[in-house]
Amino acid sequence: KLAKQKSLILFIGSFAFLAGLLGQILGIYGALSAIQAAGDLSPALIAGGIKVSLIAPLYGFVLFILSFIISLRISSLSITITPLHNSDKL
């Protein structure tokens, strides 16, 4: 059961990271389309748009790291629990 939970947690973390990257790509594409339509824009406005596009991958990366830490914790719990089950058979 712990192995299924571990794989599910890692899948959710990986999916969050990939969804964040997809959000960034779509955001930059939309920003570049707006820049193309507007013509000439100030560099500060462009930098602000790029800064906003980095929010989604940042949250996805944080979720990925948290899921990795949780999966490591689950692995350490399963290692700790395993010897207890083996000692019952003796």
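Worth saying up front: this structure is predicted, and the values here are computed from it rather than measured.
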*Give the intermediate values and the outcome of side chain to side chain contact (heavy atoms under 4.5 Å, CB included) for residues Ile74 and Ile9.*
CA-CA 10 Å; Ile74 288 174; Ile9 289 170; 3.5 Å; yes

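- Hydrophobic cluster membership is shared by Leu21 and Phe61, with clusters built from Ile, Leu, Val, Met, Phe, Trp and Tyr side chains linked at under 4.5 angstrom.
- The CD1 atom of Ile28 sits 6.5 Å away from atom CG of Leu54, with the distance rounded to the nearest 0.5 Å.
- Cluster annotation: Leu32 is not connected to Leu26 through the hydrophobic network of ILVMFWY side chains, with a link wherever side-chain heavy atoms come within less than 4.5 Å.
- Scored by the side chain to side chain contact (heavy atoms under 4.5 Å, CB included) test, Ile25 finds no partners at all (sequence neighbours excluded).
- Under the 4.5 Å side-chain criterion, counting only non-hydrogen atoms from C-beta, Ile65 is in contact with Ile69.
- Atom-to-atom distance recorded for Lys6:NZ and Phe68:CZ is 8.5 Å, nearest 0.5 angstrom.
- The side-chain hydrogen bond (donor to acceptor under 3.5 Å, both in side chains) analysis of residues 48-63, with sequence neighbours excluded, yields no pairs.
- Judged as a side chain to side chain contact (heavy atoms under 4.5 Å, CB included), and not counting sequence neighbours, the contacts of Ser42 are Ala44, Leu45.
- Between Pro57 and Gly20, the shortest heavy-atom distance links the atoms CD-O, 3.4 Å.
- Residue Leu10 holds its CG atom at 15.0 Å from CZ of Phe15, rounded to the nearest 0.5 Å.
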